[in-house]
Amino acid sequence: MIDFRQCDAEPGDGPNDTHWALLSTLQRALRSLYNYLGSVAIAIEQNQMGCRDRFRDLCHRRDHRSFFWFCAQRDAFVNDQFETYTAQLEHAHVKLIQIAENAPGTLPQPTLLRRWSSALYGDFLSAYSRHVDWETAVLASYESSSGSGADPEFARQRGKEYFIHSWAHIPASRMRSHRLTRDHFGKDFGPFRSIRSAFFYLEMPLLFPLLYHECAHAHLDGESDKATAFFRARLVLTDHLWESAQHDTVLPQRRSTWLELTGEIWADAMSVALCGVGYVAALAMQLFAKNEGVFFERSSSEVGIDELGLPGRRIWEPLELIDERTFWEVRLRITLWLCRDLHGETLDLEMRDWLEGVEEAMEAQYQGGLAAFAECREHFEQWRYRRIVSDKVLEVAQEVIRPWIPRLSRHTAISDAYRISDPVAAAIKRAIGGLHKDIFGEEGVSSCDPGSMRIDQVALYAKWCFSKGALTKLNNHRLKAGGFE
């Protein structure tokens with residue numbers, strides 16, 4: 001690794017400082033990179049402090065309005081700023097690799113990507129994503145056949161598929177797919193697929209199940225003549241929503257927008273069928289963090305994120321209902337409904353409470369929006385109308401999807417490769433209980449049994465356990481002190 005202390009200039013020195021001209025090209029590059037990353041770190045810290053202040057305000061007031069503005073500021077941070085910071089981090093990372101590899105007088109060094117691409121953790125994520133792709137392919141083959149078995153063409157086609165996984169400096173995972181039907185020798189090939197995970201997935205296993213969603217997209221039949229009943233049902237829902245939109249000038253008028261939305265819903269349905277509550281948790285984390293901010297059409301140069309919703313400050317203009325991202329709420333509502341219908345018998349009381357907590361958070365945010373926009377009729381009506389549209393989409397989607405629930409429920413346990421064994425489950429419970437006691441002075445309050453879960457649900461179990469402990473402490477502190485300092 002390169003030691004920044006080899007540079008003679010002080011960390012704050014820049015091109016206008018006296019010492020700058022005395023530095024070598026390598027030293028200037030290192031110092032520029034040092035300050036570059038420092039500026040990004042400061043900006044992120046300032047935004048985090050702003051979100052933290054909003055949370056403290058929420059703890060003081062404990063009302064829907066404060067909860068709404070906390071979510072809005074956090075979402076604006078993730079939407080407006082986080083992707084920019086990620087791109088800057090990618091540039092700095094690549095530059096540091098180039099400096100390390102091109103330094104004179106040294107032997108070639110392993111790239112700084114090694115920790116991600118060669119570590120045991122990274123290898124597991126690659127294996128996990130390949131297994132997820134296989135599971136979604138099996139489910140798609142079941143739904144593509146007329147009977148209860150898999151499509152007879154599945155094994156033959158599956159043997160021709162190529163799949164790779166890598167991580168990237170992106171805020172969310174992405175799947176890319178293409179097909180080569182003939183090479184220059186006239187040989188047929190199956191599809192080639194690549195999935196790129198967000199660079200922070202290795203530190204956030206709670207988000208692993210989102211890979212189900214990306215793989216499901218790769219196996220969704222489109223509008224071809226070969227699309228089977230389950231996938232044609234998606235087109236039925238698309239046409240219902242599109243036809244309804246023709247009588248409402250506020251809603252998207254292009255069929256492609258509704259087709260994109262139903263594609264997300266169908267990918268969610270396949271994912272929650274295979275992964276259950278673990279996928280709901282990952283989806284809730286992503287949608288609550290990354291999409292609510294799009295309600296506003298904003299310019300950070302006009303209204304700063306830290307000024308959002310403060311008394312006497314102008315709020316950003318609302319965004320028209322022309323983008324499928326504005327329907328994130330109905331996606332989450334459909335997924336919650338499907339999770340209960342598909343996995344209701346296996347959900348313990350703790351997980352049922354968690355699902356209800358997500359619904360309560362969504363309702364609190366909606367009520368907070370009504371309170372926040374009470375003095376602006378245009379904003380108030382658009383916020384209220386979005387819920388009306390969400391209710392209608394939910395109703396139509398349930399009508400179309402409900403007949404397929406019995407069939408999907410028969411294929412929710414395609415593989416037990418990542419199911420937790422009893423010895424591992426016992427070790428997990430001891431580890432979480434011990435850490436909980438070290439932090440909060442008492443054993444974990446959650447009664448969830450990891451032994452009945454998959455590995456991609458353990459992160460939710462741990463998060464739920466520690467969140468309950470933290471909230472209990474915060475609430476006790478508030479009752480004793482009358483608020484937070």
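Between Phe230 and Trp404, the angle of the ring planes goes over 60°, which puts this pair in the perpendicular group of the 30/60° scheme. Ring planes of Tyr162 and Phe192: parallel class, angle under 30° (limits at 30 and 60°). Using the six-membered ring where Trp is involved, Phe466 and His436 have ring planes that are parallel, under 30° apart on the 30 and 60° scheme.
Atom CD of Glu45 is surrounded by 12 or fewer heavy atoms from other residues, nucleotides or ligands within 6.0 Å. Heavy-atom neighbours of Gln48 CD from other residues, nucleotides or ligands within 6.0 Å: above the threshold of 12. Within 6.0 Å of OH on Tyr366 lie more than 12 heavy atoms contributed by other residues, nucleotides or ligands.
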*Report the C-alpha distance between Lys392 and Val330 in whole Å, list the side-chain angles of each, state the deciding distance to 0.1 Å, and finish with yes or no for side chain to side chain contact (heavy atoms under 4.5 Å, CB included).*
CA-CA 9 Å; Lys392 182 61 177 179; Val330 74; over 6 Å; no
*asked:* Working note: Val358 + Val280, criterion side chain to side chain contact (heavy atoms under 4.5 Å, CB included); need CA distance, chi angles, decisive distance, verdict.
replied: CA-CA 10 Å; Val358 175; Val280 181; 5.7 Å; no
*asked:* Is there a side chain to side chain contact (heavy atoms under 4.5 Å, CB included) between Leu241 and Leu237? Walk through the geometry before answering.
replied: CA-CA 6 Å; Leu241 297 175; Leu237 178 58; 4.0 Å; yes
*Determine, step by step, whether Val132 and Ile195 satisfy the side chain to side chain contact (heavy atoms under 4.5 Å, CB included) criterion, reporting the C-alpha distance in whole Å, the side-chain angles of both residues, the deciding distance to 0.1 Å, and the verdict.*
CA-CA 11 Å; Val132 164; Ile195 189 166; over 6 Å; no
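The shortest side-chain heavy-atom distance between Leu338 and Asp268 does not fall under the 4.5 Å cut-off. Using a 4.5 Å heavy-atom threshold, the side chains of Leu408 and Thr412 count as separate. Using a 4.5 Å heavy-atom cutoff, the side chains of Val277 and His343 are not in contact. Using a 4.5 Å heavy-atom threshold, the side chains of Glu260 and Phe327 count as separate. Between Glu350 and Tyr461, the closest side-chain pair of non-hydrogen atoms is not below 4.5 Å. Side-chain contact check for Thr346 versus Met351: every heavy-atom pair is 4.5 Å or farther apart. Contact check for Asp239 versus Arg255: side-chain heavy atoms found under the 4.5 Å cut-off. The closest side-chain heavy-atom distance from Leu251 to Ser244 is not below 4.5 Å.
Considering Thr335, Asp456, Leu211 as possible partners of Tyr279, the one that fulfils the side chain to side chain contact (heavy atoms under 4.5 Å, CB included) test is Thr335.
For the side chain to side chain contact (heavy atoms under 4.5 Å, CB included) test, residues two or more places apart in sequence or in another chain that qualify with Ser415 are His131, Trp134, Glu135, Ala417. For Ala267, the side chain to side chain contact (heavy atoms under 4.5 Å, CB included) partners at least two apart in sequence or on another chain are His213, Ala216, His217, Leu220.
Residue Val138 comes nearest to Ser141 through the heavy atom pair O-OG, 2.6 Å, listed as atom of the first residue, atom of the second, then distance. Of all heavy-atom pairs spanning Ala361 and Phe67, the tightest one is O-CE2, 3.2 Å. Between Ala284 and Trp354 the shortest heavy-atom distance is CB-CH2, 4.3 Å. Considering every non-hydrogen atom in both Gly368 and Phe68, the closest pair reads C-CB, 3.6 Å. Closest heavy-atom contact between Ala397 and Ile334: CB-CD1, 3.6 Å.
Side-chain N or O atoms of Arg193 include none that pairs as donor or acceptor with a backbone N or O of Met175 at under 3.5 Å. A donor-acceptor distance shorter than 3.5 angstrom exists from the side chain of Gln253 to the backbone of Ala245, with no hydrogens or angles considered. Remark: the backbone N or O of Arg254 is not paired with any side-chain donor or acceptor of Trp242 at under 3.5 angstrom. When atom types are taken as modelled, the side chain of Arg234 and the backbone of Leu259 share a donor-acceptor pair closer than 3.5 angstrom. Judged by distance alone, with hydrogens and angles left aside, the side-chain atoms of Ser409 form a donor-acceptor pair with the main-chain N or O of Pro406 at under 3.5 Å. When atom types are taken as modelled, the side chain of Arg352 and the backbone of Gly344 share a donor-acceptor pair closer than 3.5 angstrom.
Within the model, atoms CD of Gln457 and OH of Tyr418 stand 14.5 Å from one another, a figure rounded to the nearest 0.5 Å. Taking OG1 from Thr136 and CG from Leu139, the interatomic distance works out to 8.0 Å, rounded to the nearest 0.5 Å.
A salt bridge links Arg387 with Glu363: at least one charged nitrogen is closer than 4.0 Å to a carboxylate oxygen. Looking at Arg454 and Asp416, no side-chain N of the basic residue comes within less than 4.0 Å of a carboxylate O on the acidic one, giving no salt bridge.
His165 and Ser197 share a donor-acceptor pair across their side chains, judged by distance under 3.5 Å alone.
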